[in-house]
Amino acid sequence: MQIKAPRGTYDILPEQSAKWQWMEKILKQTAYEFGYREIRTPIFEHTELFERGVGETSDIVSKEMYTFKDKAERSITLRPEGTASCARAFIEHGFYSGLLPVKWYYSGPMFRYDRPQTGRFRQFHQFGVEAFGSDNPFLDAEVIILLMEIVKLLGVKEPELHINSVGCPVCRPMYRQLLIEYLEPIKTALCSDCQLRYAVNPLRVIDCKNHSCQAAIKEHPLLSDSLCPDCTLHYQKVKSALSANGIDFIHDDNLVRGLDYYTNTAFEVHIPGLGAQSAVGGGGRYNGLVKECGGPDVPGVGFALGMERMLLAADLYQDQQEPANPVDVFIITMESRFIDQAMQLTTQIRRAGISADMDYNDRSPRAQMKFADKIKARLVIMIGEEEIEKGYYLVRDMQTSNQYQVDRETLTENLPGILLKNEED
Ligand code: AMP
């Protein structure tokens with residue numbers, strides 16, 4: 001039986017990876033320009049890290065983790081997100097006693113046992129940033145500006161930024177109580193998940209995607225009405241910094257995070273053209289996270305961007321894509337007995353920093369010419385008895401059909417000039 005990729009996973013084939021590289025370059029370069037440096041953490045961690053760092057009551061931890069025992073019976077989990085690993089690394093390497101804030105970016109595969117559908121996979125990729133060590137609302141604004149800058153550079157013309165404040169350990173418990181009192185009498189109208197969780201984690205009911213829940217809680221008390229003066233001020237500063245930097249946003253009372261370590265700012269970016277899975281990225285402030293993971297009380301803020309969804313959105317704007325890279329030079333072997341010399345020539349050209357390829361399938365010179373044309377080689381070089389004897393090569397420009405006779409000794413010096421001519425034509 002044919003073996004296929006596991007459900008919820010997929011291959012990024014070479015013709016698509018050009019697009020991925022284009023996007024990754026923009027993501028990394030923009031984060032770099034904002035002062036963020038790359039961190040690479042392991043793909044798997046101790047399960048406990050995510051239980052603490054993502055929260056045991058979250059859907060991710062309670063339903064979606066790829067958890068297994070390794071051969072020494074340790075519980076290991078394939079990372080479902082990047083923030084917990086960054087917090088662990090921040091603590092483990094003692095960054096809290098160095099220069100703050102520490103600003104990191106990461107990108108790579110994440111794993112969630114989610115129900116696959118368009119824009120939702122079991123192995124997907126996230127790009128994210130984390131800034132630890134400052135509670136300044138201008139840092140929240142910086143992280144949001146960075147996200148919006150990236151979205152713009154990728155060619156998304158109408159992203160929608162939703163923001164809210166989820167308060168802090170001072171004001172949120174009061175809101176929580178208010179919400180439980182509101183939900184209690186209407187609980188039978190909620191979905192079965194929410195009927196179970198409303199008393200433990202009532203904020204998740206607001207977040208529920210179920211239409212009947214949304215209809216039932218239409219008049220729910222608003223978090224923004226319960227914020228303490230500090231949180232109100234923090235939120236105002238974030239909003240005015242965004243406006244001052246030309247970032248439009250929508251205040252969204254339904255944007256909440258159920259977990260205790262989330263504080264103040266929460267945000268999400270939607271791209272309306274993407275359909276049901278329209279959220280491309282989200283994040284917020286998590287002042288309680290580092291402590292929750294066993295470190296000191298250090299604040300943090302960050303976001304994660306779904307790279308598959310981002311590419312789908314960038315796909316709506318094909319004009320932004322780069323063309324696939326052609327090969328610079330293809331070596332045509334006039335007879336198969338010259339394959340040895342063909343390989344040496346190919347190696348020599350590659351060592352000069354020019355992309356080169358040759359025939360490995362014993363094709364006739366004519367068929368090699370067709371092949372070179374198909375892979376969009378810009379130049380071909382013929383190598384046969386005459387060339388080897390006389391010490392020169394015939395270089396043919398595939399676009400203009402111009403031919404150049406080039407001395408073997410000076411070939412690699414001359415190729416860049418010939419390639420340049422090809423570009424000018
Ligand atoms: P989260 O870590 O859940 O806040 O997700 C951040 C972003 O990652 C989302 O806005 C999505 O773009 C993306 N994302 C989350 N889960 C998946 C998934 N299963 N498949 C593809 N993208 C996802």
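Numbering of ligands and ligand atoms starts at 1, following listing order.
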Is it the case that ligand 1 has an N or O less than 3.5 angstrom from some N or O of [X]?
X: Val280; value: yes
X: Ile60; value: no
X: Arg112; value: yes

Between [X] and [Y], does any side-chain N to carboxylate O distance fall below 4.0 Å?
X: Arg79; Y: Glu81; answer: no
X: Asp135; Y: Arg285; answer: yes
X: Glu24; Y: Lys28; answer: no

Exercise for the section: State the atoms of ligand 1, each with its element, that fall below the 4.0 Å cut-off from a heavy-atom position in Arg120. Expected result: 18 (C), 19 (N), 20 (N), 21 (C)
Problem - Asp114: numbered ligand 1 atoms lying under 4.0 Å from its heavy atoms - result: 19 (N)
Exercise for the section: From the options Arg115, Gln123, Gln126, select the one whose nearest heavy atom is closest to atom 6 (C) of ligand 1. Expected result: Gln126
Practice task
From atom 21 (C) of ligand 1, work out which of Gly283, Ala313, Gly306, Gly119 has a heavy atom at the shortest distance.
Solution key: Gly119
Among all protein non-hydrogen atoms, which one is nearest to [atom], and what is the separation to 0.1 Å?
atom: atom 20 (N) of ligand 1; answer: Phe121 N, 2.9 Å
atom: atom 14 (N) of ligand 1; answer: Phe124 CE1, 3.6 Å
atom: atom 11 (C) of ligand 1; answer: Arg309 NH1, 3.3 Å

Problem - Modelled atom types, side-chain donor and acceptor of Asp253 and His220, under 3.5 Å - result: no
Problem - Polar side chain donor-acceptor pair, Thr9 to Gln123, under 3.5 angstrom - result: no
Exercise for the section: Would you indicate whether Tyr182, at its atom OH, is surrounded by more than 12 heavy atoms from other residues, nucleotides or ligands within a distance under 6.0 Å? Expected result: yes
Practice task
Would you check, one step at a time, whether the test side chain to side chain donor-acceptor pair (under 3.5 Å) holds for His162 with Asn164?
Solution key: CA-CA 7 Å; His162 292 231; Asn164 194 13; over 6 Å; no
Problem - Heavy-atom protein contact below 4.0 Å for atom 4 (O) of ligand 1 - result: no
Problem - cation_pi(Lys237, Tyr235) dist<6.0 Å, angle<=45 - result: no
